[in-house]
**Q** 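Here's a structure for you.
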2 protein chains.
Amino acid sequence: MTDPTNIDGAVAEQAAAPDIAALSRAELLRALNRPETGASLVDEIIIKVGTDIIEGRLKPGDDLNSVELSKLFRTSRTPVREALLTLQREGFVEIEAHRRPRVAGLSLSEVQDMYRVRAYLYEMVSHCVVAAASEEDLDRLEEVQARLQQAADCDDVDRYFWTNVEFRNTEAGLAQNTTLVRVLDSLGLRMLRLRHLSLSLPGRLATSVEDHDRLIRAYRDRDAKLAAAFSASLVMRGLRTIERSSWVGIGS
Amino acid sequence: MTDPTNIDGAVAEQAAAPDIAALSRAELLRALNRPETGASLVDEIIIKVGTDIIEGRLKPGDDLNSVELSKLFRTSRTPVREALLTLQREGFVEIEAHRRPRVAGLSLSEVQDMYRVRAYLYEMVSHCVVAAASEEDLDRLEEVQARLQQAADCDDVDRYFWTNVEFRNTEAGLAQNTTLVRVLDSLGLRMLRLRHLSLSLPGRLATSVEDHDRLIRAYRDRDAKLAAAFSASLVMRGLRTIERSSWVGIGS
DNA sequence: CGAGAATGACATGTCGACACTTTCCAGATT
DNA sequence: AATCTGGAAAGTGTCGACATGTCATTCTCG
C-alpha cells in the first residue's frame, strides 16, 4: 500500500487525484472505441451530452433537438447528428425517423436484465483474470483500489464512481480477452447511469470498498470460484441498491 | 379512406421456403436494432455492404471510399457516412480520422476470444430458456429446426446459414432477457462472417443438424446443465472448424 | 544516384441550404 | 362546445460545396 494520509489532506488529495473530468472523458472515449486522435468536434458533443445523461442532468424523455444542440456547440448539425447516432447505438438516446431524438428510458425489468448479464460476464472475467494475470497485474489493480479507498474516505461520489469504472475496466483488461472487454464496454455504457445512481446512495461507498478488497484477496489466492462469486455479488449488490431506492423505470 | 388494396391474389407463397435475401435482410436489421419504418436509404447501404462483407465478397483491407459508394447508390455522401459509422460500431469497418474506411480484419486470437465469449453467453441463454420457455415456445424452436433440416438436405449453405441465425435468435428470444439478446446480437454480427465460413466447409451441415437436435431434446427434458453444455459445444465446434480450415487472421 | 521537400490529386470533415415530414394552433364546421 | 380542417412553424433527411488533412508523385539538393 501507499503511505497513509498523515500529510495535509488537501495537498495530498490534489497530488494523488487526477482530474475527474479528464478521467471520465478518457473512460468514455475508450469505451466508445474512439481513436485518441479523433476529430474532437464530435467527441466533445458525445462527452458533454453523454456525461449529462449519466450524471442525471438530462433525464429520460428530454428532447435532444439537433438544431439547438448545434447552436449550443457552435457547429453545424452534421457533427451533432453523428454524435447522437453514436449515443443511440450505446442506448443513451432514442431516435425515430423524422422525430426528435430523446434521452432513452429504462424499465425496471430491463435494468434487472442488464445487471444479471453483467454479473454473469464478470464471473467470466474473474475466471480469466485468475488464469491470465501476473502478480504485477494485480499490483496495478491494487493501485486503483487504493485510489478508490481515498475517494471513499473523502465521500467524493463522482470521483469514486469514475475510479470504480477504471477499476472494472482494468480488471476486464487483465482478462486478456478483447472481445469480452468490448462486450462489457457496450453493456457498461448503458449501465453507467444506473451505477452512478447506485453509488450515490448513502453508505454505499464503504461496503463497495470492502467488496473490492475481498475480490483482490481472492485474486491473490488464485481462487477462481471465490473471485467469480465476489465479482458477481459486487454487481448484484448494485442492483439491490437500485431496487431498494425510489427508482422507477421510465417508459421505454 | 380505406383500402383499395384487397386484391389478395396468390399471396399464399412458398411458405416452406422464404426468400433468403429477405431473411438475411430482416435478421440484419433486427440485429442492428433498426426501426422497421426507418429511412430506407441508409438501411439499403448497410445491408448491401454488410452482406457483402459477411458473405466474403468484400475482404478485409478493402477500401470503402465514400465518394465511390455514394455514386454506386446514387446518393450523396451523407447517408453513406452514416451507414459506414453503423457498420464500424458493429466491427465490420475500421475508420480512422481522415483515412479511407476499410473492411475490418480479424486476428485468429480475436476470433478465438469471440467464440469463447459467445459460448459462455449461450450457456446463460440455455439456462434462461430452460427456466422461462413454455412447451409452445419449444415448438416454435422445433419449427425452425425443421427448416434447418430441409436446408441441410438440399445442401443449401446460404439458406442453412441464415436459418441458423434465425434459430439462434429465436433461442435467445426465448431467454426473455432483452439485454442478453442485444449483447448476443452485437457479438453475433461480428461473427457472422466466421459462421458463414465455418458452415461452408463440407460435411458441416449434417453434424450441425444433429447438434441442434440434441439441444432441443435437452430443452424438452428441462435439463439446464446438459442444454448449456450442448449449446456451448455447438458454438465451439464452429471455432474448431475454423481453426482446422485454412483461415489465417488478417491484420487488425 | 538517393533522400528529403514541395506539390498536386484525392478523400474526408464540416457547413449552410432545401425539401419533406411531423406537430401544433387557429379558424371553420356541425 | 367539441370536432374537424387547413396551414404555418419547427425539425429532420439529404444534398452539393468548401476547407482541411493525407497520400503519392515529382523535383531539388547533397
Side-chain angles (χ1 to χ4, degrees), chain A residues 29 32-50 52-53 58 60-90 92-104 251, chain B residues 1-2 29 32-50 52-53 58-90 92-105 251:
Chain A
L29 288 183
L32 285 167
N33 208 15
R34 289 235 144 212
E36 328 261 328
T37 70
S40 56
L41 249 178
V42 175
D43 287 343
E44 285 318 313
I45 302 173
I46 289 178
I47 289 172
K48 180 65 170 65
V49 177
D52 275 1
I53 293 177
L58 283 171
D62 283 359
D63 279 355
L64 292 173
N65 181 327
S66 69
V67 173
E68 215 154 309
L69 285 177
S70 69
K71 278 181 197 159
L72 191 63
F73 288 100
R74 309 267 172 84
T75 69
S76 79
R77 278 174 48 231
T78 308
V80 173
R81 265 178 72 78
E82 185 176 324
L84 288 179
L85 282 169
T86 299
L87 289 171
Q88 176 200 33
R89 283 190 285 276
E90 297 306 331
F92 286 104
V93 172
E94 282 169 352
I95 302 182
E96 289 170 277
H98 293 285
R99 291 233 165 73
R100 257 171 310 197
R102 291 185 314 264
V103 177
Chain B
M1 206 193 294
T2 38
L29 287 182
L32 285 167
N33 209 14
R34 289 234 144 214
E36 328 263 327
T37 71
S40 56
L41 249 178
V42 175
D43 286 344
E44 285 317 314
I45 302 174
I46 289 178
I47 288 172
K48 179 66 171 64
V49 177
D52 276 0
I53 293 176
L58 283 171
K59 286 174 198 162
D62 284 359
D63 278 356
L64 293 172
N65 183 326
S66 70
V67 174
E68 218 154 306
L69 285 176
S70 69
K71 279 181 196 159
L72 191 64
F73 288 100
R74 309 267 173 86
T75 70
S76 79
R77 279 173 48 232
T78 309
V80 173
R81 268 178 69 79
E82 185 175 323
L84 288 179
L85 283 169
T86 300
L87 288 171
Q88 176 201 31
R89 190 68 222 143
E90 297 305 331
F92 286 103
V93 172
E94 283 170 351
I95 303 181
E96 289 171 278
H98 293 286
R99 291 229 166 75
R100 255 171 310 201
R102 290 186 313 264
V103 177

**Q** Hey, are D63(B) and R102(B) close enough for a salt bridge, meaning a charged N less than 4.0 Å from a carboxylate O?
**A** no

**Q** Rounded to whole Å, how long is the line connecting atom CZ of F73(B) with atom C1' of dG13(D)?
**A** 18 Å

**Q** For dT14(D), does OP1 or OP2 lie under 4.0 Å from any side-chain N or O of R81(B)?
**A** no

**Q** Provide, to the nearest angstrom, the distance between the CD atom belonging to E44(B) and the P atom belonging to dT14(D).
**A** 12 Å

**Q** CG of N65(A) versus C1' of dG13(D): gap in Å, rounded?
**A** 14 Å

**Q** Quick one: do R99(B) and E94(B) make a salt bridge, cutoff under 4.0 Å?
**A** no

**Q** If I take atom CZ in residue R99(A) and atom P in nucleotide dC24(C), what distance separates them, rounded to the nearest angstrom?
**A** 10 Å

**Q** Looking for any heavy atom pair under 4.0 Å, which part of the strands does R77(A) touch: base, sugar-phosphate only, or nothing?
**A** base

**Q** Pick the closest DNA chain C nucleotide for R74(A) and for L64(B) by heavy atoms, then say which residue is nearer the 5' end.
**A** L64(B)

**Q** Is it true that a side-chain atom of N65(B) and a backbone atom of V67(B) form a donor plus acceptor pair closer than 3.5 Å?
**A** yes

**Q** Nearest-Å distance, NE2 (H98(A)) to P (dT12(D))?
**A** 11 Å

**Q** K71(B) NZ to dC10(C) C1': how many Å, rounded?
**A** 11 Å

**Q** Between dT14(D), dG21(D), dC15(C), which nucleotide has the shortest distance from any of its atoms to the side chain of L41(B)?
**A** dT14(D)

**Q** Which nucleotide in the set dT14(C), dT12(D), dC15(D) lies at the smallest distance from any side-chain heavy atom of S76(A)?
**A** dT14(C)

**Q** Just the rounded figure in Å: distance from P of dT12(C) to CD of E82(B).
**A** 16 Å

**Q** Within the structure, does a side-chain N or O atom of T78(B) lie under 4.0 Å from either OP1 or OP2 of dT14(D)?
**A** no

**Q** Between T75(A) and K71(A), is there a donor-acceptor pair closer than 3.5 Å when you use the side chain of the first and the backbone of the second?
**A** no

**Q** Between dT12(C) and S66(B), is there an OP1 or OP2 to side-chain N/O distance shorter than 4.0 Å?
**A** yes

**Q** Are S66(B) and R81(B) close enough, and set up right, to give a side chain to side chain donor-acceptor pair (under 3.5 Å), and what steps lead you there?
**A** CA-CA 7 Å; S66(B) 70; R81(B) 268 178 69 79; over 6 Å; no

**Q** Can you tell me if R100(B) touches the phosphate of dC23(D), counting only side-chain N or O atoms and a distance under 4.0 Å to OP1 or OP2?
**A** no

**Q** Roughly, in whole Å, what's the span from CD in E68(B) to P in dT12(C)?
**A** 10 Å

